[in-house]
Amino acid sequence: QVQLVESGGGLVQPGGSLRLSCAASGFTLRTRHIGWFRQAPGKEREGVSCISSSWGSTYYTESVKGRFTISRDDAKNTVHLQMNSLKPEDTAVYSCGAILGCISSAMGALTSNRDYWGQGTQVTVSS
């Protein structure tokens, strides 16, 4: 059974850090492009970062460049998103999913197969 489960969200003060994890079961993560998305209340879902299959090329949306780092642990079949210097505007539900492509300059859309979508984890940045 294909499943993606996010963890690591929580409440953090501005300037703090969180490490999100996206653990996969039922398939091998490195065979898929994996993206992190976020959706804040009243806003559309936004692509934050992605890592390509095999080679591990990465992409970051402009607002998180230099603060967030995506990585993949093939032994644990997990993708991480290290988030540093967090700001209140980073507050959102973060979710991971298999996407159609990932290159250094662009991030593809989520696959239409919802089995490859995670449920999300809440990140709240507030003092």
Side-chain angles (χ1 to χ4, degrees):
Q1 181 183 358
V2 170
Q3 194 173 24
L4 287 168
V5 179
E6 301 93 338
S7 62
L11 173 63
V12 64
Q13 293 186 342
S17 298
L18 283 174
R19 187 193 194 205
L20 304 184
S21 297
C22 171
S25 58
F27 73 104
T28 302
L29 262 181
R30 71 184 306 271
T31 64
R32 293 275 187 160
H33 309 300
I34 299 296
W36 280 99
F37 297 82
R38 65 185 180 186
Q39 188 165 20
K43 294 188 176 181
E44 293 188 357
R45 184 173 58 206
E46 173 190 23
V48 175
S49 178
C50 66
I51 186 164
S52 69
S53 63
S54 298
W55 293 111
S57 298
T58 59
Y59 161 87
Y60 301 94
T61 193
E62 192 64 35
S63 62
V64 308
K65 282 182 180 177
R67 300 188 298 124
F68 290 11
T69 302
I70 191 170
S71 62
R72 189 177 65 217
D73 185 336
D74 291 340
K76 296 183 178 180
N77 212 28
T78 299
V79 168
H80 299 289
L81 185 68
Q82 178 68 42
M83 306 187 297
N84 299 329
S85 302
L86 283 162
K87 306 175 181 180
E89 51 264 43
D90 294 318
T91 295
V93 174
Y94 285 71
S95 58
C96 64
I99 57 176
L100 301 180
C102 179
I103 57 175
S104 59
S105 58
M107 176 173 171
L110 278 166
T111 176
S112 58
N113 187 340
R114 290 177 177 253
D115 288 344
Y116 291 89
W117 297 12
Q119 294 299 309
T121 184
Q122 176 70 46
V123 171
T124 302
V125 185
S126 175
S127 55

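The basis for the numbers below is simple: all heavy atoms, side chains too, and nothing from hydrogens, waters or symmetry mates. In this chain, residues are counted from 1 in sequence order.
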Minimum heavy-atom separation for [X] to [Y], with atom names?
X	Y	result
Gln122	Val93	OE1-CG2, 3.2 Å
Thr58	Ile70	CG2-CG2, 3.5 Å
Asp90	Ser85	OD2-O, 4.4 Å
Gln39	Lys43	NE2-O, 3.0 Å

Please report the C-alpha distance between Ser95 and Glu6 in whole Å, then the side-chain angles of each, then the deciding distance to 0.1 Å, and finally whether the side chain to side chain contact (heavy atoms under 4.5 Å, CB included) criterion is met. CA-CA 7 Å; Ser95 58; Glu6 301 93 338; 3.3 Å; yes
Do the non-hydrogen side-chain atoms of [X] and [Y] ever get within less than 4.5 Å of each other?
X	Y	answer
Trp36	Val79	yes
Ser57	Ser104	no
Val64	Arg38	yes
Glu89	Ser63	no
Leu110	Arg45	yes
Ser53	Thr31	no
Asp115	Phe27	no
Arg67	Tyr60	no

Sole candidate of Ile99, Val48, Thr61 that passes side-chain contact (heavy atoms from CB on, under 4.5 Å) when paired with Phe37: Ile99
Before giving the answer on side chain to side chain contact (heavy atoms under 4.5 Å, CB included), spell out for Val2 and Asn113 the whole-Å C-alpha distance, their side-chain angles and the decisive distance to 0.1 Å. CA-CA 10 Å; Val2 170; Asn113 187 340; over 6 Å; no
Whether over 12 other heavy atoms sit under 6.0 Å from Gln119 CD: no
Look only at the side chain of [X] and the backbone of [Y], and say whether a donor-acceptor pair between them is shorter than 3.5 Å.
X	Y	value
Trp117	Leu4	no
Asp73	Thr78	no
Asp74	Leu29	no
Arg72	Ser52	yes
Gln82	Arg19	no

Return each pair, listed once, that meets disulfide bond (SG atoms under 2.5 Å apart) where at least one residue sits in residues 10-39; pairs must be two or more places apart or across chains. Cys22-Cys96
Listing request: all disulfide bond (SG atoms under 2.5 Å apart) pairs with a residue in residues 23-91, at least two apart in sequence or in separate chains. Cys50-Cys102
Measure the [atom1]-[atom2] distance between [X] and [Y] for me, rounded to the nearest 0.5 Å.
X	Y	atom1	atom2	answer
Arg30	Ser54	CZ	OG	5.0 Å
Phe68	Leu20	CZ	CG	8.0 Å
Thr69	Leu81	OG1	CG	8.0 Å
Met107	Ile51	CE	CD1	12.0 Å
Ser127	Leu11	OG	CG	9.5 Å

Connected via hydrophobic side-chain network under 4.5 Å: Tyr116 and Tyr59: no
Mind jotting down which residue pairs meet the ring-ring contact (aromatic ring centres under 6.0 Å, His included) criterion with at least one end in residues 70-112? Sequence neighbours excluded, please. none
Side chain to side chain contact (heavy atoms under 4.5 Å, CB included) between Ser17 and Asn84, worked out: CA-CA 4 Å; Ser17 298; Asn84 299 329; 2.9 Å; yes
